[in-house]
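For the single chain, residues carry numbers from 1 onward in sequence order. Since the model is a prediction, treat every value here as computed from it, not as a measurement.
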Amino acid sequence: MRIVDEIPHLEFKITIYSWNGKYILKLEKGMYEQVYKISEMDVVGDEDAKKVIEDEEFMNSVMARFKEMNASLNNALNKL
């Protein structure tokens with residue numbers, strides 16, 4: 001697995017890897033992470049793989065998902 005890029009962002013740690021015919025987009029926020037796998041056949045190269053994070057709608061849904069993850073975990077922990 002090779003690191004394609006680490007992209008600076010105010011909210012997340014973003015790392016893009018290339019491995020086994022896929023780009024792996026890993027977004028981390030605190031103790032949570034989301035991983036998206038993109039086939040190398042779906043993009044032209046490293047630069048196209050990086051453009052995914054430029055999509056505002058995608059990044060908004062990533063943020064919403066992180067909030068959902070936090071709420072879900074807190075709800076489960078509160079039941080203990």
- Message: With clusters defined by side-chain heavy atoms of hydrophobic residues (ILVMFWY) lying less than 4.5 Å apart, directly or transitively, does Leu80 cluster with Met31?
- Response: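 Cluster IDs for Met31 and Leu80 match.
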- Query: Hey, any chance Met69 and Val35 share a hydrophobic cluster, counting ILVMFWY side chains that come within less than 4.5 Å of each other, even indirectly?
  - Reply: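 Cluster IDs for Met69 and Val35 differ.
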- Parallel, tilted or perpendicular: ring planes of Phe58 versus Tyr36, cut at 30 and 60 degrees: perpendicular
- Item | Gln34 side-chain N/O to Val62 backbone N/O, donor-acceptor pair under 3.5 Å |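 Pair found, side chain donor or acceptor close to backbone of Val62.
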- Any donor and acceptor pair, going by atom type alone, linking the side chain of Asp42 with main-chain N or O of Ile38 inside 3.5 Å?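 No.
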- Look up atom CZ in Phe66 and atom CD in Glu28, then write down how far apart they are to the nearest 0.5 Å.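 Between Phe66 CZ and Glu28 CD, I get 8.0 Å after rounding to 0.5 Å.
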Distance-only criterion, 3.5 Å: show the donor-acceptor pairs between side-chain atoms of residues 12-27 and protein atoms not counting sequence neighbours.
unit_1	atom_1	unit_2	atom_2	d
Ser18	OG	Glu40	OE2	3.0
Tyr23	OH	Asp46	N	3.2
Tyr23	OH	Asp46	OD1	2.7

- Message: List the residues meeting side-chain hydrogen bond (donor to acceptor under 3.5 Å, both in side chains) with Lys50, not counting sequence neighbours, and say none if there are none.
- Response: Asp5, Glu47
- Query: Does CE belonging to Met41 count more than 12 external heavy atoms closer than 6.0 Å?
  - Reply: no
- Message: So Ile53 and His9, do their side chains get closer than 4.5 Å, heavy atoms only?
- Response: no
